[in-house]
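The structure appears below as structure tokens.
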Number of protein chains: 4
Amino acid sequence: METATRTSTRRRRPVRRKPSGIAIERRQDLRDAAVRSIAKHGYAGVTVSMICEEAGFSRGLIGHYFKGKDDLLLEAIRAMSMDVARANQAAVRAAGKDPRDRLHAVVRSSFSPPGFSADQVAVWVALVGSARWSPSLRAIYRDLWRGYRAGISKLMRQAAEQRGIAIDAELAALSFSQLIEGFWVGWAADPVAVDRARAEKACHLLVDMLLSPAVGPQAGD
Amino acid sequence: METATRTSTRRRRPVRRKPSGIAIERRQDLRDAAVRSIAKHGYAGVTVSMICEEAGFSRGLIGHYFKGKDDLLLEAIRAMSMDVARANQAAVRAAGKDPRDRLHAVVRSSFSPPGFSADQVAVWVALVGSARWSPSLRAIYRDLWRGYRAGISKLMRQAAEQRGIAIDAELAALSFSQLIEGFWVGWAADPVAVDRARAEKACHLLVDMLLSPAVGPQAGD
Amino acid sequence: METATRTSTRRRRPVRRKPSGIAIERRQDLRDAAVRSIAKHGYAGVTVSMICEEAGFSRGLIGHYFKGKDDLLLEAIRAMSMDVARANQAAVRAAGKDPRDRLHAVVRSSFSPPGFSADQVAVWVALVGSARWSPSLRAIYRDLWRGYRAGISKLMRQAAEQRGIAIDAELAALSFSQLIEGFWVGWAADPVAVDRARAEKACHLLVDMLLSPAVGPQAGD
Amino acid sequence: METATRTSTRRRRPVRRKPSGIAIERRQDLRDAAVRSIAKHGYAGVTVSMICEEAGFSRGLIGHYFKGKDDLLLEAIRAMSMDVARANQAAVRAAGKDPRDRLHAVVRSSFSPPGFSADQVAVWVALVGSARWSPSLRAIYRDLWRGYRAGISKLMRQAAEQRGIAIDAELAALSFSQLIEGFWVGWAADPVAVDRARAEKACHLLVDMLLSPAVGPQAGD
DNA sequence: AATGAATGAGTCTTCATTCAT
DNA sequence: AATGAATGAAGACTCATTCAT
């Protein structure tokens, strides 16, 4: 229904705004439930009821912690993205200083927990399959990949320099990121044909090939 | 080749011919309109109204030619898939006998019309983003890729034999297919970062790397 | 849910837009049902279900003929307003040329059908009680009264000139309009205390008093 | 006089005193906040959250002091009505003994503080616009007007006797009350067209006209 | 064969109320 | 006494499907 414009006068200071601990917890509960629900039913198939049931709360609760369904879904996907990104970063740091080792660490991280799980891949595929038609999802998607590729690109450049070869690091990073993404979406839809272990192996191989002298993407091609 | 977009020149309400001919044509009209609608609004965002309006018919018409919305959408995606497959096959045949040439021809075909168009990629992404949660879509997806990979695998084996190298042709085919799919979904969501020409270049490069002695996936690794 | 922006390409001409007779009829049905429903339950108390049931249709029908509940309610109130205005105009025309006769005719028209009915007064009161908080309703309200007062003001001026007295015609018209409105809202809430016949009598009397020499609102006071 | 708006200076969370005193004060706080909220959002648009926020308390507090939302709203409107009535009574008393002076004092009181304020008029209009559909509101409305008219009627009779003219005092009082109410609702929805000062002037004029010999409502007409 | 009118199920959202702390 | 977390009912809206013309 149409609402009048707020002609605010004499409003007292709004009652507390600080997310009060429990609020943070509930938002987290709902985000997690949303991730699981998206994984189970797809981005379009998920309903508020499903999420709340999954979280163990009543339907109306969502309104207390999120502006609406979209807001929650977006936050859930953002959180999942950040989890994946964090897992990669941790893997990189744990791999030592060598750029080539770090690249292989990213590959491993991309196909094993905590950066890779059935739910995470499913939500990622849901994101992929919706980003084209939703500006907000698209923004999440782009930001994540662009940052990711920048990191990979840097590692590629370092690894190439170290080995004394000249490569198109950006193109290498693009191949790297898209091969992983290709395996993710392929695995989500057909985990039999797109075996996880073989996918990882193929990615390791790609790194090796890209960093082989006179074989990888020559700078200035 | 018959692409979905080619039909855009079809006139509304064509003059009547044989009843059966009309039926075939109507189904075709609706399928094409469905493809365009999915490309425009996403798989979940498309409505019967949109499709019928896009096709130039009234809402109720769909019931005369399809069991329902899902039936139409499935057919539309199936048709799109077959168009893409046909384009690849034609490209392969046109490339001559050499298996390596044929692989490069598939790459070219994967990033240029008639096997590659904005609508086709969009619908493909819609398929990818829904296949996990729809048995029917999953079946379409799997059948297509499995057949595709079988063909690529065969070409990989032939090319390797020809060059006297031993490779894991299945793994090579898997990498090939998933890199292309990775580029497709990346391009759909971020065509700026995932440039079409560079994507194609990266795929050509992958073929070359895979078929390089002592670099590609060694059989028995 | 979030929807993508419409990237229209190749859209065919939309299928017919002409309100097809039956559409006009249904809109009318729904408008009438809305007026009755508002009269029965108040502006805020009315629901889409009530209106559709009152009209004898299913809940979903409203979406075919109106943008939504607000749209329908607005149209209904607008239509009611115009009915009242038309009734007044007809009464004025039927009253002959004399401006004083015409003013009395407006009074009569304001308290007898077709310009006055329980439903019309109820809807008017609903409008009065919501206009302050709804820009759209306010616009309807203002337009109607301003036009109304302009007409009354003109008649007042003519009647005064005819009788050779100088009055503040605008103030007279304002008094006239607000006395009638006061009686309407009073009658709606307490028809026993605010008797229709006595209300009409009081309004006739106001006209006479306003047009009495040396008693009414002197111009330039 | 106690007006609804005067309370706006009350501090949030006053220091505790006697339990009963606190309870009285809380009820008062909530009543005042309800009046302001109704004025701001309309009778139907007001929510418990709004009122509690306006009062500076948490949502749940209302349950401690009122049976529910309706109970609070009713009390708030009742309080506002009584404020207005009290303002009129005070004005009458302050005007001296002359009945005609007293009537003019009521007019003045009806268009100036503390009997007239934007919030009070707004809440009054909310009452007018809901009374027809709510037995409780209707009762408040009727009681108030009936008492009011009885007082005006008495003054009218006295003033007429004093001046030696015979009038229909009830009808005069009805005109008086409904003209004022008409101006109130008109001013609420269109304060530009229904100017406060001109409204007051028109009401003073009505009193004079009603009390003019051979012009006003003759007893026995 | 084609239309578009009508239906009703499904979903999101709002919000008064309850209640444990 | 006060808070705000949680519930669940109610209502608006969308849209696939049916069907009379």
Side-chain angles (χ1 to χ4, degrees), chain A residues 1 3 15-16 19-23 25-26 44-52 55-72, chain B residues 13 16 19 22-23 26 45-52 56-73, chain C residues 1 3 15-16 19-23 25-26 44-52 55-72, chain D residues 13 16 19 22-23 26 45-52 56-73:
Chain A
M1 293 293 314
T3 69
V15 211
R16 276 208 235 166
S20 58
I22 190 131
E25 202 177 315
R26 281 295 163 278
V46 80
T47 71
V48 169
S49 289
M50 283 173 193
I51 297 172
C52 289
F57 296 107
S58 73
R59 269 201 308 291
L61 197 76
I62 186 184
H64 291 302
Y65 298 104
F66 293 91
K67 269 195 315 188
K69 185 192 178 187
D70 274 20
D71 188 36
L72 169 54
Chain B
R13 227 63 81 65
R16 311 196 160 215
I22 287 192
R26 286 286 173 281
V46 81
T47 70
V48 169
S49 288
M50 283 172 192
I51 298 172
C52 289
F57 297 111
S58 76
R59 256 204 309 296
L61 197 80
I62 187 184
H64 291 296
Y65 296 105
F66 293 90
K67 270 196 307 185
K69 183 194 180 186
D70 286 358
D71 189 36
L72 168 54
L73 253 40
Chain C
M1 293 293 315
T3 67
V15 211
R16 273 207 239 165
S20 58
I22 191 132
E25 202 178 315
R26 281 295 162 278
V46 80
T47 70
V48 169
S49 289
M50 283 172 192
I51 298 173
C52 289
F57 295 106
S58 73
R59 272 199 308 291
L61 197 76
I62 188 184
H64 291 302
Y65 298 104
F66 293 91
K67 268 195 314 187
K69 186 194 178 186
D70 274 20
D71 189 35
L72 169 53
Chain D
R13 227 64 78 68
R16 308 194 164 218
I22 288 192
R26 286 285 173 281
V46 82
T47 70
V48 169
S49 288
M50 283 173 193
I51 298 172
C52 289
F57 298 111
S58 74
R59 254 206 308 297
L61 196 80
I62 187 185
H64 291 296
Y65 298 104
F66 294 90
K67 271 195 307 185
K69 183 193 181 187
D70 286 359
D71 189 35
L72 168 54
L73 254 39

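First the proteins, then the strands, lettered A, B, ... as listed; each starts at 1.
- Scanning both residues, Ser49(C) and Arg59(C), for their nearest heavy atoms gives OG-CD, 3.0 Å.
- We find that CZ of Arg59(A) is positioned 14 Å from P of dG11(F), with the value rounded to whole Å.
- Put simply, CG on Leu61(A) is 14 Å from P on dT14(E), counting in whole angstrom units.
- Lys69(A) places a side-chain N or O within donor-acceptor distance of the main-chain N or O of Val46(A), the cut-off being under 3.5 Å.
- Gly60(B) comes within contact range of at least one nucleobase, with a heavy-atom separation under 4.0 Å.
- Atom CD1 in Ile62(C) sits roughly 12 Å away from atom C1' in dG11(F) (whole-Å rounding).
- As the counterpart of dT21(F), dA2(E) is assigned, both hydrogen-bonding distances of the Watson-Crick or G-U wobble pattern falling under 3.5 Å.
- Protein atom NE2 of His64(A) is 17 Å distant from nucleotide atom P of dC12(E), rounded to whole Å.
- Put simply, Arg26(B) has a side-chain N or O that comes within less than 4.0 Å of OP1 or OP2 on dA2(E).
- Rounding to whole angstrom units, CE of residue Met50(B) and C1' of dT14(F) are separated by 11 Å.
- Across all strands, Tyr65(A) comes closer than 4.0 Å only to sugar-phosphate atoms, never to a base (heavy-atom distances).
- Atom CG of residue Leu72(C) and atom CD1 of residue Ile51(C) lie 4.5 Å apart, to the nearest 0.5 angstrom.
- Whole-Å rounding puts the Ile51(B) CD1 to dA16(F) C1' distance at 11 Å.
- Nearest heavy atom pair, residue Cys52(D) against residue Ile62(D), reads SG-CB, 4.3 Å.
- Applying the Watson-Crick and G-U wobble criteria (two distances, each under 3.5 Å), dA12(F) pairs with dT11(E).
- Atoms NZ (Lys67(B)) and P (dT18(F)) sit 12 Å apart, rounded to a whole Å.
- Between the P atom of dT17(F) and the NZ atom of Lys69(B) lies a distance of 8 Å, rounded to the nearest Å.
- Put simply, the residue from Leu73(D), Asp71(D), Val48(D) that forms a side-chain contact (heavy atoms from CB on, under 4.5 Å) with Phe66(D) is Asp71(D).
- Both Thr47(C) and Gly63(B) lie near DNA chain F, and the one whose nearest nucleotide falls closer to the 5' end is Thr47(C).
- Of the candidate nucleotides dT17(F), dT17(E), dG4(E), dT17(F) has the atom nearest to the side chain of Val48(B).
- Distances from the side chain of Ser58(B) to the nucleotides dT3(F), dT7(F), dG4(E) place dG4(E) closest.
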